[in-house]
Amino acid sequence: MPELPEVEVTKLGIAPYIEGKTLTELIVHDGRFRWPVPSNLKKILIDQTCSAIHRRGKYLLFYFERGVMVLHLGMTGVLRIQKIQEEPKKYNRIEFHFGDTALRFHDPRKFGSVLWHPIEHGPIENFPLLKKLGVEPFENEFSGVNGTKLLYERSRGRTVSVKQYLLAGQVVVGVGNIYCSESLFEAKINPKTPAGKISKPRYERLAKAVQLILKKAIQAGGSSLKDFVHSDGEPGHFMVLTKVYDRAGLPCKECGTPIKQITQGQRSTYYCPQCQK
DNA sequence: AGCTCAACCTGGCTGC
DNA sequence: TGCAGCCAGGTTGAGC
């Protein structure tokens with residue numbers, strides 16, 4: 001579920017409830033995530049005030065006085081704002097109380113993570129997991145000609161498919177498996193094409209497509225924001241209407257050709273063999 | 001350095 | 001109805 005748009009929408013949804021608030025209690029129901037939740041996290045965070053929540057790629061960064069809590073939603077993670085009186089549900093792995101407001105991290109598959117970066121370790125950019133990330137799709141480094149240049153130059157000599165190249169997030173972050181297929185369809189590029197063989201004009205189309213697809217998804221998520229953060233049932237689906245993703249065998253919405261599904265780098269890719277050359 | 005692949009974990013769906 | 005097998009939004013780390 002969480003690609004960049006979902007993480008961004010989550011950030012926008014929870015920030016008003018958390019920013020400027022002081023953590024009063026932290027309960028770890030099950031801290032066996034991708035990496036174990038630091039055993040002393042409660043001790044570290046209690047009585048600290050969260051000044052801001054930022055997003056870097058698919059990571060959420062909670063800024064506290066003495067450091068930054070780094071949270072990743074993994075495949076199935078969802079954050080919800082609830083009253084502390086509400087009963088925590090199954091798979092609520094960890095909850096942060098800010099007065100009578102609870103921020104609950106729900107994550108069935110435990111691929112998420114919650115880590116701590118103490119201020120003594122320097123700027124958050126030094127955090128190992130963030131260090132190798134590509135640029136933000138909406139920041140200056142990727143806008144205008146910059147995005148095209150980056151995608152083109154960094155791909156020279158690369159033999160991996162453009163699908164895997166984009167998905168890896170080493171050039172631009174935030175494009176997950178769904179929006180990767182969607183962006184390549186938007187740019188009319190065949191996902192199997194080796195990244196190093198794609199011309200500059202085509203990378204220009206791709207850079208624009210990535211921004212468009214992600215922006216649209218954020219807008220779609222934004223509309224269901226309220227439901228999302230207040231829900232204590234299943235999270236609202238942001239899934240925007242996809243043109244190709246999860247549409248194997250169905251007619252392409254532009255030309256009617258059946259959409260193909262293939263596997264690349266252990267992940268499914270969907271594309272239109274007619275529209276994407 | 002870049003490529004491929006196993007691994008982390010749980011639930012839901014498909015097909016026998 | 002039951003159960004085995006496969007698939008799922010992400011990412012690291014090992015081995016070549």
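Chain identifiers are assigned alphabetically (A, B, ...) following the order of the sequence lines, protein sequences preceding nucleic acid strands; residue numbering begins at 1 within each chain. Being a predicted model, the structure only gives us computed values, none of them experimental.
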Participant: What residues form a ring-ring contact (aromatic ring centres under 6.0 Å, His included) with A:Tyr270, not counting sequence neighbours?
Facilitator: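 Per chain and number, A:Tyr270 pairs via ring-ring contact (aromatic ring centres under 6.0 Å, His included) with A:Tyr245.
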
Participant: If I compare all heavy atoms of A:Val162 with all of A:Ile189, which pair ends up nearest, and what's the gap?
Facilitator: CG1-CG2, 4.0 Å

Participant: Applying salt bridge (Lys or Arg N to Asp or Glu O under 4.0 Å) as the test, list every pair that has at least one member in residues 58-68 of chain A; sequence neighbours left out.
Facilitator: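 Counting only pairs at least two positions apart or across chains, no salt bridge (Lys or Arg N to Asp or Glu O under 4.0 Å) contact touches residues 58-68 of chain A.
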
Participant: Once salt bridge (Lys or Arg N to Asp or Glu O under 4.0 Å) is applied, do any residues pair with A:Arg93, and if so which ones, sequence neighbours excluded?
Facilitator: A:Asp30

Participant: Distances under 3.5 Å between protein N/O atoms and the N/O atoms of nucleotides 5-7 of chain C, please, pair by pair.
Facilitator:
none

Participant: Please name all residues satisfying salt bridge (Lys or Arg N to Asp or Glu O under 4.0 Å) with A:Lys260, sequence neighbours left out, ordered by chain then number.
Facilitator: none

Participant: Answer yes or no: does a side-chain N or O of A:Thr159 lie under 4.0 Å from OP1 or OP2 of B:dC3?
Facilitator: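 It does, given that an N or O in the side chain of A:Thr159 lies less than 4.0 Å from OP1 or OP2 of B:dC3.
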
Participant: Expressed in whole Å, how much space separates the P atoms belonging to C:dC3 and B:dC9?
Facilitator: 24 Å

Participant: Mark up nucleotides 11-16 of chain C, 5' to 3', with B wherever a protein heavy atom is under 4.0 angstrom from a base atom, S wherever such an atom reaches only the sugar-phosphate, and - elsewhere.
Facilitator: BB----

Participant: Any chance you could encode DNA chain B as dot-bracket? Rule is Watson-Crick or G-U wobble with both distances under 3.5 Å; [ ] for pairs crossing earlier ones, | for another strand.
Facilitator: .|||||||.|||||||

Participant: Quickly work out the A:Asn177 CG to C:dA8 C1' distance and round it to whole Å.
Facilitator: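 Rounding to the nearest Å, CG of A:Asn177 and C1' of C:dA8 are 10 Å apart.
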
Participant: Quick one: closest heavy-atom pair of A:Leu45 and A:Phe96, and the distance?
Facilitator: CD1-CE2, 4.3 Å

Participant: Expressed as a whole number of angstroms, how long is the span from A:Glu6:CD to C:dA8:P?
Facilitator: 17 Å

Participant: Once you round it to whole Å, what is the distance between C1' of B:dC3 and CD of A:Gln164?
Facilitator: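 These atoms are roughly 9 Å apart.
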
Participant: Give the rounded distance in Å between these two atoms: CE of A:Met75 and C1' of B:dC9.
Facilitator: 10 Å

Participant: Nearest whole Å is fine: how far is B:dT10 C1' from A:Phe33 CZ?
Facilitator: 13 Å

Participant: Is there any salt bridge (Lys or Arg N to Asp or Glu O under 4.0 Å) pair reaching into residues 137-159 of chain A, and which pairs are they, with sequence neighbours excluded?
Facilitator: none

Participant: Check whether any side-chain N or O of A:Gln276 sits under 3.5 Å from a backbone N or O of A:Leu184 as a donor-acceptor pair, and report yes or no.
Facilitator: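 Between the backbone of A:Leu184 and the side chain of A:Gln276 there is a qualifying donor-acceptor contact (under 3.5 Å).
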
Participant: Let me know the distance between CZ of A:Phe105 and P of C:dG10, rounded to the nearest Å.
Facilitator: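 Interatomic distance, CZ of A:Phe105 to P of C:dG10: 14 Å.
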
Participant: Quick one: A:Leu71 CG to C:dG10 P, roughly how many Å, whole number?
Facilitator: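 About 16 Å, once rounded to whole Å.
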
Participant: List, by chain and then residue number, the residues other than A:Leu115 in its hydrophobic cluster (Ile/Leu/Val/Met/Phe/Trp/Tyr, side-chain heavy atoms under 4.5 Å); write none if there are no others.
Facilitator: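 Listed partners: A:Trp35, A:Tyr59, A:Leu61, A:Tyr63, A:Val68, A:Val70, A:Ile124, A:Phe127, A:Leu129, A:Leu130, A:Leu133, A:Val173.
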
Participant: Through direct or indirect side-chain contacts below 4.5 angstrom among Ile, Leu, Val, Met, Phe, Trp and Tyr, which residues connect to A:Leu250?
Facilitator: none

Participant: Can you pull out every side chain to side chain donor-acceptor pair (under 3.5 Å) where at least one residue sits in residues 180-199 of chain A? Sequence neighbours excluded, please.
Facilitator: A:Lys192-A:Tyr271

Participant: Report yes if a side-chain nitrogen or oxygen of A:Tyr165 is closer than 4.0 Å to either non-bridging phosphate oxygen (OP1 or OP2) of B:dC3; otherwise report no.
Facilitator: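 For B:dC3, neither OP1 nor OP2 has a side-chain N or O of A:Tyr165 closer than 4.0 Å.
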
Participant: If you measure from the P atom in C:dC7 to the same atom in B:dC5, how many Å do you get, rounded?
Facilitator: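 Looking at atom P only, C:dC7 and B:dC5 are 15 Å apart.
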
Participant: Send over the distance from A:Arg109 CZ to B:dT10 P, rounded to a whole Å.
Facilitator: 10 Å

Participant: Can you list the residues that meet the side-chain contact (heavy atoms from CB on, under 4.5 Å) rule with A:Phe111, with sequence neighbours excluded?
Facilitator: A:Met75, A:Arg109

